[in-house]
Amino acid sequence: MAFKEINLNMGPQHPSTHGVLRLKLAVDNEVVLSVESIIGYLHRGMEKLWENLTYTQVVPLTDRLDYLASLSNNLGYVLAVEKLAGIEVPRRARYIRVVLAELQRLASHLAWLGFQANDIGAMSVLLYGFEARETILDVFEEYCGARLTIHGIRIGGVPHDLDAALAARIRKVLDGIPRRLADIRALLDDNRIWKQRTVGVGRIAADDAIAYGLTGPCLRACGAAWDMRKDVPYSSYDEFDFDVPLGRNGDVYDRYLVRLEEICQSIRIVRQALDGLPEGETSAKVPRVLKVAPAEVFHTIEAPKGILGFYIRSNGTDKPERVKMKSPSFINLQSVEHMCKGNLFSDVVGILGSLDIVLGEIDK
Amino acid sequence: MSRIGRFLKSFFLVDMLRGLAVTLRLYFSRKVTVQYPEQVQEPAERFRGIVRLYRDDKGEPLCIACKACQRACGTNCFDIEGKKEEGAKVMRPTKFDWKLDRCTFCGFCVEVCPTNAIRFSREFRLTGTDKDGLLFHLPDMYLAGEDLQSYLCAGCRRPR
Ligand code: SF4
Ligand code: SF4
């Protein structure tokens with residue numbers, strides 16, 4: 001058949017774009033020739049908005065960026081402010097933060113697993129993954145009263161202590177997850193449809209991934225070992241023993257395996273943090289009106305989706321002069337064209353899903 | 001694994017059967033879905049629901065119109081005015097407007113209140129039929145339970 005280029009529009013209202021993302025695809029029969037992502041449908045002007053709020057008031061708004069891992073956003077921003085203002089966080093607070101952040105990673109990866117499998121056509125995984133995630137959200141609800149937009153970290157520490165009852169509950173939740181994970185693995189790991197839709201699909205080599213700035217599990221699936229928790233430890237992560245799982249082929253299947261293994265490693269970290277929870281304060285002394293002398297700072301953390309960074313410039317008042325966010329979803333999305341080119345049209349959904357993007361974070 | 005082993009495995013649909021065994025087992029396991037609204041799950045102790053004003057044991061209002069909550073709120077939910085009556089010991093609010101549609105349930109107002117007058121209730125049903133129902137005035141801040149619900153939903157029927 002003669003070569004014929006057809007332009008197709010996917011989104012902004014499409015169940016598999018995970019939000020309001022529009023993709024302009026050029027296809028030749030079934031093969032994708034080019035992808036152009038058009039963003040901005042969820043733009044709320046967050047960074048500008050933050051310039052009019054005090055340092056403390058910004059924290060609950062960071063929840064609304066990556067709303068599937070809101071606590072990681074809190075942590076990233078709060079750590080940047082603490083670095084800027086020179087606040088020393090007590091060790092117990094740092095440990096509680098690690099527990100919460102790793103639980104958030106679990107919740108985020110489980111949600112991803114469900115969505116990804118659902119996009120490819122395995123509906124039951126969505127339900128099983130969400131059942132496990134639900135137990136984690138219940139822990140958050142008990143800890144600080146909210147489930148999704150948690151606001152569970154304050155500048156200088158954490159809002160509540162982690163008491164023995166809650167620790168016991170977290171342990172129980174952690175015991176339940178590997179069982180659920182085994183069910184999901186039995187459904188997917190060897191499943192021929194799953195493998196045909198994922199193995200060798202959306203490949204990216206490690207060099208290209210680094211050139212595109214890909215971070216997080218997508219980068220580690222190509223075999224490049226880079227994890228901020230290990231390489232530039234923050235918030236006491238250097239005191240825990242965990243592995244950084246790596247993939248080999250950089251395809252959708254490896255991203256799936258890497259995330260599954262990260263779930264197991266996160267469980268390990270949470271267990272260690274609960275066992276070694278030191279005594280002490282849960283918050284440093286922070287003035288109610290936090291004024292920061294003129295300076296600038298950039299701090300990055302390993303969020304579930306990749307490297308999340310906050311740049312803050314202060315001007316001596318209680319409000320930041322400028323906040324700029326380096327959001328992992330935005331940068332990971334840029335490589336979608338490279339991954340989709342030459343693949344089948346129907347695989348665009350699977351590749352996009354495997355990047356684990358959240359539009360709240362892309363459009364800010 | 002040998003090639004024959006792999007072939008046999010794929011010929012006899014071992015991967016599919018393993019998956020089907022999982023779904024079959026979970027089909028007969030205990031159901032986890034809560035059938036809202038017939039069943040309602042009790043929110044946690046610290047649940048951050050609608051913020052409400054509280055009175056002390058003697059029925060006196062606790063709020064002293066200090067506006068600390070108004071200053072702490074990042075989304076400008078409050079509009080408070082207070083006055084000290086002749087002979088009264090403390091200020092009392094004469095106007096206390098709170099906008100549910102702006103609230104992010106962050107908890108700053110609850111944390112800063114010096115008299116513990118404003119607290120989170122465990123009310124999670126936040127829907128109204130009209131924007132007016134989402135604007136709370138001073139008396140409405142003390143509503144709870146079904147009264148609160150009829151307030152939220154009756155926004156359109158309330159005289160303006
Ligand atoms: S919870 Fe937060 S957003 Fe809501 S009224 Fe209180 S301070 Fe404002
Ligand atoms: S609710 Fe509390 S913080 Fe707000 S004005 Fe009344 S006393 Fe002050």
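Just so it is clear: chains get the letters A, B, ... in the order the sequence lines come, proteins before strands, and each one is counted from 1.
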Leu53(A) to Gly74(B) - nearest heavy-atom pair and separation: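 It is CD2-O, 3.2 Å.
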
Taking every non-hydrogen atom, the tightest pair across Val22(B) and Tyr128(A):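 In terms of heavy atoms, the two residues are closest at CG1-CE1, 4.3 Å.
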
[X], [atom1]: over 12 other non-hydrogen atoms inside 6.0 angstrom:
{"X": "Arg171(A)", "atom1": "CZ", "answer": "yes"}
{"X": "Ile193(A)", "atom1": "CD1", "answer": "no"}
{"X": "Glu281(A)", "atom1": "CD", "answer": "no"}
{"X": "Lys285(A)", "atom1": "NZ", "answer": "no"}

Residue part contacting chain B, namely of Glu131(A), when any heavy atom lies under 4.5 Å: side chain

Ser124(A) versus chain B, the contacting section by heavy-atom distance below 4.5 Å: side chain

Which of the residues [options] is involved in the greatest number of heavy-atom pairs with chain A at under 4.5 angstrom?
{"options": "Arg18(B), Arg46(B), Glu45(B)", "result": "Arg46(B)"}
{"options": "Thr23(B), Leu26(B), Val32(B)", "result": "Leu26(B)"}
{"options": "Cys106(B), Ala21(B), Cys73(B)", "result": "Cys106(B)"}

Interatomic spacing from CD in Glu111(B) to OG1 in Thr56(A) - rounded to 0.5 Å: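 Between Glu111(B) CD and Thr56(A) OG1, I get 10.0 Å after rounding to 0.5 Å.
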
With a 4.5 angstrom heavy-atom cut-off, could you sort out which part of [X] is near chain A: side chain, backbone, both or neither?
{"X": "Phe108(B)", "answer": "side chain"}
{"X": "Ala72(B)", "answer": "backbone"}
{"X": "Arg71(B)", "answer": "backbone"}

Side chain to side chain donor-acceptor pair (under 3.5 Å) against Arg48(B), all qualifying residues, sequence neighbours excluded: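 None.
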
Residues of residues 173-188 of chain A contacting chain B, heavy-atom criterion under 4.5 Å, by residue number: Arg180(A), Asp183(A), Ala186(A), Leu187(A)

Options Lys195(A), Arg288(A), Arg154(A), Arg147(A), ranked by heavy-atom pairs under 4.5 Å with chain B, top entry: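 Result: the option with the highest number of such pairs is Arg154(A).
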
Chi angles and distances behind the side chain to side chain contact (heavy atoms under 4.5 Å, CB included) call for Thr104(B), Arg64(A): CA-CA 10 Å; Thr104(B) 57; Arg64(A) 274 84 186 160; 3.5 Å; yes

